[in-house]
Amino acid sequence: MAVAFTGTPEQEKQLLAVIGEMKETKGALMPILQKAQEIYGYLPIEVQKLIADKTDTPIEKIYGVVTFYSQFSLYPKGKFQVSICLGTACYVKGAGDIYDELKKQLKIDGGGCTEDGKYSLDACRCIGACGLAPVMMVNDDVYGRLTTKEIKGILDKYS
Ligand code: FES
């Protein structure tokens, strides 16, 4: 479920100032998007539209860039950022099932955030703890040798 966009006039002012400064610079789209993400924490469609409008760039192009680069997020991050490793070692040990269980428990898709802003869910690449596969992180806490049965208990710790 998407979280309602709650940008403030102050954030918009900051973004417009950034665009005003960089607009005429060639190749400014990436730095503008990076700044926008810093200001808002993510790049919802409302922010993309504003950038498209103010830089005379087609929204399709902006959306294409935002969805292509993993540094950009279309969704806000939750207070607890859940990240499941889908690297090879974790994958062969069943990380796909853990990922499905997380989606089921949190009722969101990968890249999404729960409506209350508490949890966001992402898949990541190898975090260098392959010996503990399958591995997931909740903020800085690492959980290894996971089974689907453990997921609810782990999430409950953060509720
Ligand atoms: S593949 Fe998951 S920690 Fe290395």
Side-chain angles (χ1 to χ4, degrees), residues 1-92 94-128 134-142 151 155 158-159:
M1 174 96 35
V3 179
F5 175 60
T6 53
T8 64
E10 183 51 39
Q11 286 172 316
E12 187 169 326
K13 214 169 113 191
Q14 284 180 39
L15 178 57
L16 292 178
V18 168
I19 294 172
E21 268 171 39
M22 296 187 177
K23 204 173 152 183
E24 304 305 327
T25 317
K26 215 171 167 282
L29 186 56
M30 283 298 278
I32 289 175
L33 290 172
Q34 282 161 349
K35 277 278 175 198
Q37 179 152 287
E38 262 175 56
I39 293 167
Y40 290 92
Y42 70 118
L43 295 173
I45 197 71
E46 291 84 350
V47 174
Q48 294 177 47
K49 276 187 190 147
L50 183 67
I51 295 171
D53 198 33
K54 300 293 175 192
T55 60
D56 296 321
T57 309
I59 182 73
E60 296 79 9
K61 184 175 175 192
I62 307 244
Y63 185 78
V65 172
V66 169
T67 50
F68 182 78
Y69 292 98
S70 59
Q71 62 176 291
F72 297 125
S73 176
L74 287 169
Y75 302 96
K77 295 291 173 200
K79 181 173 174 210
F80 301 113
Q81 297 178 23
V82 182
S83 184
I84 172 82
C85 173
L86 291 185
T88 310
C90 287
Y91 197 79
V92 298
D97 293 339
I98 306 282
Y99 195 24
D100 287 342
E101 184 65 21
L102 285 164
K103 290 183 203 170
K104 200 169 107 190
Q105 293 279 340
L106 295 172
K107 301 188 182 68
I108 52 175
D109 260 330
C113 182
T114 55
E115 230 176 322
D116 59 6
K118 200 181 265 181
Y119 303 97
S120 54
L121 176 63
D122 285 294
C124 65
R125 300 205 178 148
C126 180
I127 58 165
V135 174
M136 77 173 200
M137 293 185 70
V138 182
N139 293 351
D140 292 332
D141 302 336
V142 178
I151 297 305
L155 292 175
Y158 299 89
S159 62

Looking only at heavy atoms, what is the nearest atom pair of [X] and [Y], with distance?
X	Y	value
Pro31	Ala28	CD-O, 3.2 Å
Gly111	Tyr75	O-CD1, 2.7 Å
Glu21	Thr25	O-OG1, 4.3 Å
Cys90	Cys85	CB-O, 3.3 Å
Gln37	Leu43	N-CD2, 3.6 Å
Asn139	Lys79	ND2-O, 3.2 Å

For the atom pair [atom1] ([X]) and [atom2] ([Y]), what is the distance rounded to the nearest 0.5 Å?
X	Y	atom1	atom2	answer
Lys77	Ser83	NZ	OG	8.0 Å
Asp141	Gln81	CG	CD	12.0 Å
Ile84	Ile151	CD1	CD1	6.5 Å
Glu115	Leu106	CD	CG	13.0 Å
Arg125	Thr88	CZ	OG1	10.5 Å

- In sequence, state the C-alpha distance, the side-chain angles, and the governing distance for Gln48 and Leu74, and then conclude on side-chain contact (heavy atoms from CB on, under 4.5 Å). CA-CA 10 Å; Gln48 294 177 47; Leu74 287 169; 3.1 Å; yes
- Query: Is any NZ, NE, NH1 or NH2 atom of the basic residue among Lys35 and Glu38 found under 4.0 Å from an Asp or Glu carboxylate oxygen of the other?
  - Reply: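 Yes, this pair counts.
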- How would you list, by chain and number, every residue that makes a side chain to side chain contact (heavy atoms under 4.5 Å, CB included) with Ala52, sequence neighbours excluded?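 If we apply the side chain to side chain contact (heavy atoms under 4.5 Å, CB included) test to Ala52, skipping adjacent residues, the hits are Ile59, Ile62.
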- Only counting residues at least two apart or in another chain, list the ones meeting side chain to side chain contact (heavy atoms under 4.5 Å, CB included) with Cys126.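 In terms of side chain to side chain contact (heavy atoms under 4.5 Å, CB included), with neighbours along the sequence ignored, Cys126 is linked to Cys130.
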Check whether any side-chain heavy atom of [X] lies under 4.5 Å from a side-chain heavy atom of [Y], and answer yes or no.
X	Y	value
Val47	Gln11	no
Lys103	Leu121	yes
Phe72	Met30	yes
Leu102	Tyr119	no
Met22	Thr55	no
Phe5	Ile45	no
Tyr99	Tyr91	no
Lys54	Leu15	no

- Query: Among Thr57, Val18, Leu33, which residue meets the side chain to side chain contact (heavy atoms under 4.5 Å, CB included) test with Ile51?
  - Reply: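 Of the listed residues Thr57, Val18, Leu33, the side chain to side chain contact (heavy atoms under 4.5 Å, CB included) partner of Ile51 is Leu33.
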- Apply ring pair (Phe, Tyr, Trp, His ring centres under 6.0 Å) to Tyr158 and list each qualifying residue two or more places apart in sequence or on a separate chain.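 With neighbours one apart ignored, the set is Phe80.
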- Message: I'd like to know if the side chain of Ser120 and the backbone of Cys113 have a donor-acceptor N/O pair within less than 3.5 Å.
- Response: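 Answer holds: no.
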- Item | Glu12 side chain to Leu50 backbone, donor-acceptor under 3.5 Å |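 Such a contact is absent between Glu12 side chain and Leu50 backbone.
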- Query: Counting heavy atoms not belonging to Tyr63, are there more than 12 under 6.0 Å from its OH?
  - Reply: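 Incorrect, the count does not exceed 12.
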